[in-house]
Structure formats: C-alpha cells, structure tokens
Amino acid sequence: MRRLLPAAAVAAALALAVTGCGDGSGDAGPAPAGSAAPAEVSGTVTWWDTSDATTEGPAFQEIVKGFEAAYPNIKVNYVNVPFADARDKFKTAAQSGSGAPDVLRTDVGWVAEFASLGYLAPLDGTTAVDKPEELLPVPAASARFGGKTYGVPQVTDTLGLLYNKELLKKAGYDEPPATMADLKKVALDVKSKTGAGGIALNVDAYFLLPFIYGEGGDFVDVQNKKITISSPQSVAGVRIVEDLITSGAAVKPALQDSYTNAQTAFKDGKVAMIFNGPWSNADNLGGKVFKDNPDNFGVAPVPAGSAKAGSPLGGHDYTVYAGSKNLEASYLFVRYMASAESQAKIAGKLGLLPTRTPAYSAPEATANPKIAQWQKPMETAVERPWIPEAASLFQPLVEGYQKLAGGQTSTEPMLKDVATAYQGILKGWSL
C-alpha cells in the first residue's frame, strides 16, 4: 500500500487552523433540502452513533438537536451502539431486513464491505452529498466503492504517540522519542527513574500497524493481490513490539479490554506513553494527571522505524441503509451532520479532526488547541486498503497478537499463521 500522499491535504487544513490563514468564510450552515423545503420533509431517522457514549455522544446529540430545529417535521431516534459491536450488529440487521438504522456512523474500513453486500444506499445525486469540493481527498475516497459514493465523511484520524510531559521530564527527556529505538530507551528510563511504566500497549491489530508500517511492511499489497503480513518487513515491525514486552519497556499488556486498561493507566499517570488517536482527547483531558494541567498532555507522531514513521488512517463516514423507509429525511440528516459548520462544532468540543477544509478555519475549531497538535501525526498517516475484506483482516491478527503478548508464541510463527488465515479471506491472493 502506498504512503498517504494526500495526508498533506489534511496537514494543510490543520495548518490553516494554526495560522488562521483561511478565507474566513467557513460554512454558513447546512444548505436547504434542494428539491423540497424543510417543512415538506417528514419522518423518523434512526441513527446509530458508534462514538463513545460518555465523552463524545453528548456533543453529537447537541448537533442532532440543531437538525431537529431546522427540520421540525423530522424526528431523530438517537441510538448509541458500542463501536466494537456495531459492524456485526448492522450486518445482522441488514441481512435480515429488520432492525437496521436509517443512518450509521460507519468506520472507514467497513464502507466497501457493506456496499459490496448491497446494504448501503448510493448517495450520488442525493441531497446527502453537499459541496464535495470541500472534502479532503482520502476521507472522501474511503466513502466510495465500485465507482459510486456510499458515504459522507464525518471525521478523520490516525494514531499518535500520546505522552505525559512531566514523567518524561523526570526521566530526563524534554522531547518525546522520535524513533522506535528511542521509544524503548525512554520507556526503560521512565520505568527506572520514576517508578511509572514506560509505555502501555493496546493488544489490538490496528495498534500494531505503526510498528509494521515503520519497517516498510503492511497487511497486503492490493495492486498485486499479495498477502504481506508475514513479509520480512512486517516481521521486523512486530519483533519491535515483542522486544518492548520482553524487555519490560512496555508494562505487561492486558489481554482482555487492553484499550481501557492502557487508557486508564495513562490518564492516571501510571504510564508515560501510549499510542492513541484524537478520539481520546476528551477522555484523556478528563484524567487525573491532565484535568488540572492540560499542558502536561503531549501529542507527537508515532516514532519512526527503519523505513519511516507511519500510522493508519482512520475515521468515520455517515452511510444510509439501502432498505431505509425514510431515505429523503436520512439524506437531509447526513447533509446537516456532515456540514462544515457541524464538523467545526465537534472539533471545538472534542478535538476530532474534520473532513472538510473550511471547518479547520472556523472559530470553534481554531479555539481547540488539540486540532493543531494533530497536524504532525496526520502527516505520517498511511492509507488503508478500501476493499470489502479489509475489516475481516483484523481478527486473525488480534488473536495472534494476544498469543504473542501472552508469551504463547513468537513473532514469525504468529505472522505465518495470520497469513494462512488471510488466504481463507482473500481468495486467489498469493503469499
């Protein structure tokens, strides 16, 4: 997979937020329906929001209230569905033809899969697609499959190195580590000089990618239909993780609910560093060591391996269920929620990164310093494969990573097993 060249567009938009050099026009708000006045459209839109119910959900519900005020004859049935459950839950409902939402907050890695199964309504020519020229190129690409548009980008993101500045300073460092070799050294120094853990790892496939990308590896080579998860480069990347664990630079990983465990340890000041994304900004800033001292919360690009610094491009798109009985109301809802105005409000409240260029220069977004802090990490973002099988590639790697972190296997045999599992998912692909 190629390096994400269009990430420069994201970085440029973020730079506008730092310098305030935008045109100042922003977005006056969601445009009218087009073919129908707001009063002429009615119905109920059920929206499955997969954001964090505690730290993010309330902000999205505020935007929903604005939509209902603008479209008084449309009611939104807001449902928060845990992200971990949403993919399977939506597929089950869509397949059965019962219980699926009208609109889903869809991970960028799910769009191609859902569209290939016929579960999503194509949005080209509908009121859902508004001002496409404003959209950043790669988030927009995540919403397309087979030459059609199946989603409108909501937020974009990547992984960064989040760090506790005070703990690093106590260990003798004024700056975060810039390379994987430095990451290990800094983590060990934090452990020996402060008593806190150096780094907490999330035992999840997505969070392995910065190590794999850093050595020039990847899941797959889409252009050549080749499985590359067990390539020498990917092996070298995962060996770095194995070494962090066996050396004690990383605290002993939790094999279950590792995300929450790592996040809690970081917020409580028990570890100095974690990998995480901008979706965790609000949660981190509410933590014990950052709540009264937000300047202690540092954000940096993931450390570079021998090939490069690279972290996966993520984010979410608004998609519409093909079987919705309220299509026109759903299109209007997506249009409003994905507008630059709505995105700027979310950026200001949560520090999530917009997918529309004008949102970055809006006052609400520029008022949040976290938006600017994610400029450098976004420059290292790597585009993921927009193929229907993409989401299915994570589970075999998660299972392998859990065995590795638990000391039941080592890197090379683990990745060989994962590659074999991929052959069952990617029919006709070579090793």
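Note: hydrogens, waters and symmetry copies are ignored here, and every other heavy atom, side chains too, is used.
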Q | Verdict with supporting geometry, Phe275 and Phe211, ring pair (Phe, Tyr, Trp, His ring centres under 6.0 Å) | A | CA-CA 11 Å; Phe275 284 2; Phe211 299 97; 5.3 Å; yes
Q: Before giving the answer on side-chain contact (heavy atoms from CB on, under 4.5 Å), spell out for Leu244 and Met180 the whole-Å C-alpha distance, their side-chain angles and the decisive distance to 0.1 Å.
A: CA-CA 10 Å; Leu244 288 173; Met180 290 296 183; 5.9 Å; no
Q. Would Val241 and Leu208 count as a side-chain contact (heavy atoms from CB on, under 4.5 Å) if you check the C-alpha gap in whole Å, the side-chain angles of each, and the deciding distance to 0.1 Å?
A. CA-CA 8 Å; Val241 179; Leu208 267 181; 3.6 Å; yes
Q.
Run Leu167 and Met273 through side-chain contact (heavy atoms from CB on, under 4.5 Å) and show every step you take.
A. CA-CA 9 Å; Leu167 282 177; Met273 297 176 285; over 6 Å; no
Q | From CA spacing to verdict: ring pair (Phe, Tyr, Trp, His ring centres under 6.0 Å), Trp47, Phe333 | A | CA-CA 9 Å; Trp47 177 40; Phe333 178 72; 5.5 Å; yes
Q: Could you walk me through whether Arg356 and Leu135 pass the side-chain contact (heavy atoms from CB on, under 4.5 Å) test, one step at a time?
A: CA-CA 5 Å; Arg356 292 185 182 274; Leu135 293 169; 3.7 Å; yes
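Note on ring orientation: taking the six-membered ring where Trp is involved, the planes of Tyr119 and Phe114 are tilted (angle from 30° to 60°). Ring geometry for Phe290 against Phe266 counts as tilted: the plane angle lies between 30° and 60°, on a 0 to 90° scale. By the 30° and 60° cut-offs, the orientation of the rings of Phe90 relative to Trp48 is perpendicular.
Here CD1 of Ile227 is found 11.5 Å from OG of Ser234. Values are rounded to the nearest 0.5 Å. The CD1 atom of Ile245 lies 12.5 Å from the CD1 atom of Ile240; values are rounded to the nearest 0.5 Å.
Between the side chains of Thr158 and Ser311, a donor-acceptor pair is found at a separation under 3.5 Å. A side-chain N or O of Tyr78 and one of Asn80 form a donor-acceptor pair less than 3.5 Å apart. If you check the side chains of Asn261 and Ser258, you find no donor sitting under 3.5 Å from an acceptor. No donor-acceptor contact under 3.5 angstrom links the side chains of Ser339 and Asp130, judged on distance only. Judged by distance alone, the side chains of Ser330 and Asn326 never bring a donor and an acceptor atom under 3.5 Å apart. Using a 3.5 Å distance cut-off with no hydrogens or angles, the side chains of Ser42 and Asn73 do not pair a donor with an acceptor. Under 3.5 Å, the side chains of Gln263 and Asn284 contain a donor-acceptor pair of N or O atoms.
Applying the salt bridge (Lys or Arg N to Asp or Glu O under 4.0 Å) test to residues at least two apart or on different chains, the pairs with a partner in residues 86-97 are Arg87-Glu113, Lys91-Glu113. Evaluation of the salt bridge (Lys or Arg N to Asp or Glu O under 4.0 Å) test over residues 259-274, restricted to residues two or more places apart or in two chains, returns Lys267-Asp283. Applying the salt bridge (Lys or Arg N to Asp or Glu O under 4.0 Å) test to residues at least two apart or on different chains, the pairs with a partner in residues 135-153 are Asp124-Arg144.
Under the ring pair (Phe, Tyr, Trp, His ring centres under 6.0 Å) rule, Trp110 has a single partner from Trp386, Phe83, Phe145, Phe394, which is Phe83. Between Gln154 and the choices His316, Gln343, Arg105, the side-chain hydrogen bond (donor to acceptor under 3.5 Å, both in side chains) rule is met once, by Arg105.
Salt-bridge annotation for Asp107 and Arg384: present, with a side-chain N of the basic residue lying under 4.0 Å from a carboxylate O of the acidic one. Comment: Arg239 does not engage Glu242 in a salt bridge, judged by the lack of any side-chain N to carboxylate O separation of less than 4.0 angstrom.
Side-chain contact between Glu399 and Val418 is absent, with no heavy-atom pair separated by less than 4.5 Å.
Residues passing the ring-ring contact (aromatic ring centres under 6.0 Å, His included) test with Tyr150, sequence neighbours excluded: none.
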Under 3.5 Å, which donor-acceptor pairs do the side chains of residues 419-431 form with other protein atoms, sequence neighbours left out?
residue, atom, partner, partner atom, Å
Thr420, OG1, Lys416, O, 3.1
Tyr422, OH, Leu393, O, 2.6
Lys427, NZ, Gly424, O, 3.0

Under 3.5 Å, sequence neighbours excluded: what are the donor-acceptor pairs made by side chains of residues 59-68?
residue, atom, partner, partner atom, Å
Glu62, OE2, Lys65, NZ, 3.4
Glu68, OE2, Val76, N, 2.8

